[in-house]
Amino acid sequence: MRFQINTHFDLSMLQIQDSISASIRLGLSQLFSIEAEEIILQETKKEFEGTFTFVVFPYTKQAGMAPPMIAQKLGEFVQGNNDLVLSFQVVQGFLNLTLTAQTWVSILADSLADSDAFQLSPKKEKVLIEYSSPNTNKPLHLGHLRNNFLGFSVAQIMKAAGYEVIKTNLVNDRGIHICKSMLAYQLFGESETPESSGIKGDHLVGKYYVAFDKAYKAEIETLKQSGRTEDQAKAEAPMLLKAQAMLLAWEQQDPEVLALWERMNSWVFAGFEKSYAQMGVDFDKIYRESNTYLLGKKLVDEGLSQGVFYQKPDGSVWINLEAEGLDEKLVLRKDGTSVYITQDMGTAQLKYEDFGANQSIYVVGNEQDYHFEVLFHILKKLNKPYSTGNFHLSYGMVDLPSGKMKSREGTVVDADDLMAEMVQTAKERTMELGKIDGFSEEESNTLFNHLGMGALKYFLLKVDPKKRMLFNPAESIDFQGNTGPFIQYTYARIKSIVRKASEMNISTSWTVEPSITLASAEQELVYLVAQYKLKIEEAAAQMAPSVIAQYVYDLAKQFNKFYNELSIINEEDALKQKIRLSLVEMTGKTIQQAALLLGVIVPERM
RNA sequence: GGCUCCGUAGUUCAAUGGAUAGAAUGUAGGUUUCCGGUACCUAAGAUGAAGGUUCGAUUCCUUCCGGGGCCA
């Protein structure tokens with residue numbers, strides 16, 4: 001039996017891997033009577049000859065033979081039975097397989113012919129992604145940028161992988177924190193508005209949150225001087241008592257308090273909208289905790305009657321999760337007010353009613369790891385239909401070289417400021433290089449935006465989310481190396497070549513002939529381009545934009561190497577010229593699509 | 001204190017249990033007749049410590065050290 005593919009002119013990477021895996025499986029069976037479950041092919045390391053590597057060590061015992069012997073026999077078998085394989089090399093227990101020249105041409109032909117090259121077929125599953133989750137008492141900061149870019153990118157990746165995706169944002173718009181801003185505004189605001197002050201709405205509200213803190217601290221000092229302990233002073237300070245009273249009034253629907261709350265929230269939402277537009281992120285639905293907490297309370301009642309929760313003598317409601325390796329957890333305070341987890345229960349219910357998704361992803365910082373573990377356990381105990389498919393996409397804090405990022409310490413990096421700074425830097429760099437002659441002012445500004453934001457997004461997304469990372473503003477504005485602008489530059493370079501070729505009327509259509517061979521720099525580029533869909537699957541399975549970031553960087557790097565080694569437009573052989581040009585075009589499209597998955601827009605010229 | 005995450009070149013980041021641990025940056029040096037030099041090529045440079053499992057450990061297990069987070 002021979003493994004042959006009829007249409008040798010058109011082979012996807014997946015078909016090739018499957019074909020070779022099948023040959024290896026057959027070889028193991030016929031030569032050694034080993035029925036392997038799964039054949040795993042790896043990429044051959046660069047220092048060795050070959051494309052795919054099969055590791056035979058695991059079969060040593062069953063075959064009763066030394067690894068190099070197994071590899072030798074298996075190599076001979078595969079070479080003799082699979083037309084795609086030209087030759088093989090054995091290094092210890094590693095079997096390295098080299099593909100025929102024609103196989104490479106077929107792979108390229110397949111990539112070029114694939115009308116759905118960047119979209120996987122529908123998976124018929126609905127995925128809900130909740131991200132951003134701001135508080136309405138202050139503007140967004142650096143940590144939010146990581147959150148928003150992550151959430152948006154994962155959504156893009158899941159869509160490309162064939163999922164139906166719904167993006168949601170749960171805004172924390174109620175609670176003591178917003179009352180603090182409101183109180184300070186009442187006391188010191190003097191009817192200031194975003195319009196009258198020229199301050200962006202979220203920043204204006206944030207200003208009063210800071211004002212509250214300042215006044216509160218001053219009161220604490222005074223109380224301490226009159227003999228109170230630190231704790232007493234903190235609990236007795238009039239500012240805090242007033243804020244607490246305001247929260248109570250809010251819960252009792254006090255018209256005046258509600259009016260102020262709505263007014264200030266509208267400022268914040270208007271401000272957030274601008275920030276989101278600048279970030280390039282969006283949502284299908286925005287939820288507010290002020291609308292979900294009551295539903296959460298209902299679920300608490302339900303759980304009480306089911307015996308999932310229990311009430312302590314003081315009236316507070318708890319759940320015991322000791323059997324799950326956790327401890328007791330409060331779900332409702334003794335005064336009947338809800339805690340975060342109460343609201344999250346309500347939101348989960350509401351999201352299920354609205355969308356009924358198969359999977360629900362929460363993009364939230366890792367300081368909430370415990371919180372989500374508890375939430376998911378509670379949903380299971382309540383036996384809700386939405387208790388499965390929940391995943392907390394947890395990410396680490398973004399550090400600054402100077403230390404931690406905490407608003408209290410005043411070293412917080414504001415998201416709007418940072419984005420503006422990145423765009424400004426992009427502008428300065430681009431002006432220095434003077435390559436944008438003929439750009440209108442609007443075109444220039446769009447370009448600066450894409451470059452600055454691309455640098456920022458790529459920088460934050462290339463790192464594994466769960467790791468704490470260091471953001472160095474000074475280094476991030478360096479447009480060299482493994483960065484967004486490097487990728488954008490490579491794309492612009494490709495487009496320049498394509499434009500020139502088009503002016504010269506060079507065609508990109510060609511047909512597969514047995515005589516065609518590809519240089520190694522071409523093969524490597526073909527290999528990467530053909531891997532696009534596999535990378536999407538991988539990134540979607542791991543919910544990891546970093547997989548895409550690494551991929552698009554490798555692709556850009558390999559293109560530049562190819563460009564350095566081989567002529568494209570200047571190639572004299574007409575067929576080679578066409579093939580290379582078609583590969584260049586395909587590489588450009590692939591870079592563009594991959595970058596888009598990260599939310600990075602690549603410019604035609606820069 | 002309990003639980004949890006992290007520890008890799010000077011620095012910032014990679015590596016489904018596989019080969020000589022990859023990049024970038026910085027440092028030192030180099031690049032054709034060139035289609036965009038923000039490119040390409042070369043060199044030096046790292047797995048916190050000790051055990052264990054394995055043919056093979058950055059990866060899995062145990063203890064310790066260091067850092068972060070959550071719960072008190």
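Bear in mind the structure is a predicted one, so any value in this text is a computation, not a measurement. So you know, we letter chains A, B, ... as the sequences are listed, proteins then strands, and number each from 1.
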N/O donor-acceptor pair, side chain A:Asn96 with base B:A19, under 3.5 angstrom:
yes
Has the side chain of A:Thr490 got a donor or acceptor atom sitting under 3.5 Å from an opposite partner on the base of B:A39?
no
Which listed nucleotide ([options]) is nearest to the side chain of [X]?
X        : options             : answer
A:Ile497 : B:C55, B:C35, B:C5  : B:C35
A:Phe94  : B:C40, B:G36, B:G18 : B:G18
A:Lys557 : B:A39, B:A23, B:G36 : B:A23
A:Ala492 : B:U32, B:C55, B:G36 : B:G36
A:Arg493 : B:C5, B:G37, B:C70  : B:G37
A:Asn482 : B:G69, B:C35, B:A24 : B:A24
A:Gln550 : B:G36, B:C35, B:A14 : B:A14
A:Glu47  : B:U20, B:C55, B:A39 : B:U20
A:Val463 : B:A39, B:G36, B:A14 : B:A14

Cation-pi between A:Lys535 and A:Tyr551: NZ/CZ under 6.0 Å from ring centre and within 45° of the ring axis?
no
On the ring face of A:Tyr395, is A:Arg146 found with NZ or CZ under 6.0 Å from the centre and within 45° of the axis?
no
May I ask you to say what [X] touches in the nucleic acid, namely base, sugar-phosphate or nothing, with a heavy-atom cut-off under 4.0 Å?
X        : answer
A:Pro58  : base
A:Glu367 : sugar-phosphate
A:Ile568 : base
A:Ser496 : base
A:Lys45  : base
A:Leu566 : base
A:Asp327 : sugar-phosphate
A:Asp464 : sugar-phosphate
A:Met606 : base
A:Asn570 : base
A:Ile40  : base
A:Gln42  : base

Work out how far the [atom1] atom of [N] is from that of [M], and round it to whole angstrom.
N     : M     : atom1 : answer
B:A50 : B:C55 : P     : 23 Å
B:U59 : B:C70 : P     : 28 Å
B:A21 : B:G48 : P     : 15 Å
B:G7  : B:U11 : C1'   : 15 Å
B:C64 : B:G22 : C1'   : 30 Å
B:U8  : B:G29 : P     : 30 Å
B:U42 : B:A49 : P     : 30 Å

Looking at CG of A:Asn390 and NE2 of A:His392, how far apart are the two atoms once the value is rounded to the nearest 0.5 Å?
11.5 Å
Check whether any side-chain nitrogen or oxygen of [X] sits under 4.0 Å from OP1 or OP2 of [N], and answer yes or no.
X        : N     : result
A:Lys462 : B:A23 : no
A:Lys466 : B:C6  : yes
A:Lys500 : B:G36 : yes

From A:Thr98, A:Leu97, A:Asn96, residue fulfilling side chain to side chain contact (heavy atoms under 4.5 Å, CB included) relative to A:Thr44
A:Asn96
Stacking here means centres under 5.5 Å and planes under 30°; does A:Tyr553 stack on B:A23?
no
Using the aromatic ring of A:Tyr489 (for Trp, its six-membered ring), decide whether it stacks on the base of B:A39 within the limits of 5.5 Å and 30°.
no
Quick one: [X] [atom1] to [N] [atom2], roughly how many Å, whole number?
X        : N     : atom1 : atom2 : result
A:Leu326 : B:C71 : CG    : C1'   : 10 Å
A:Tyr563 : B:C35 : OH    : P     : 7 Å
A:Gln480 : B:U27 : CD    : P     : 11 Å
A:Ile487 : B:A24 : CD1   : P     : 13 Å
A:Glu572 : B:U33 : CD    : P     : 16 Å
A:Met469 : B:A14 : CE    : C1'   : 14 Å

Strand partner of B:A46, provided both Watson-Crick or wobble distances fall under 3.5 Å
none
Measure from the ring center of [X] to the ring center of [Y] and say whether it is less than 6.0 Å.
X        : Y        : answer
A:Phe152 : A:Tyr131 : no
A:Phe376 : A:Tyr362 : yes
A:Phe32  : A:Tyr59  : no
A:Phe94  : A:Phe57  : yes

Heavy-atom closest pair (A:Val602 atom, A:Ala595 atom, distance to 0.1 Å) is CG1-CB, 3.9 Å
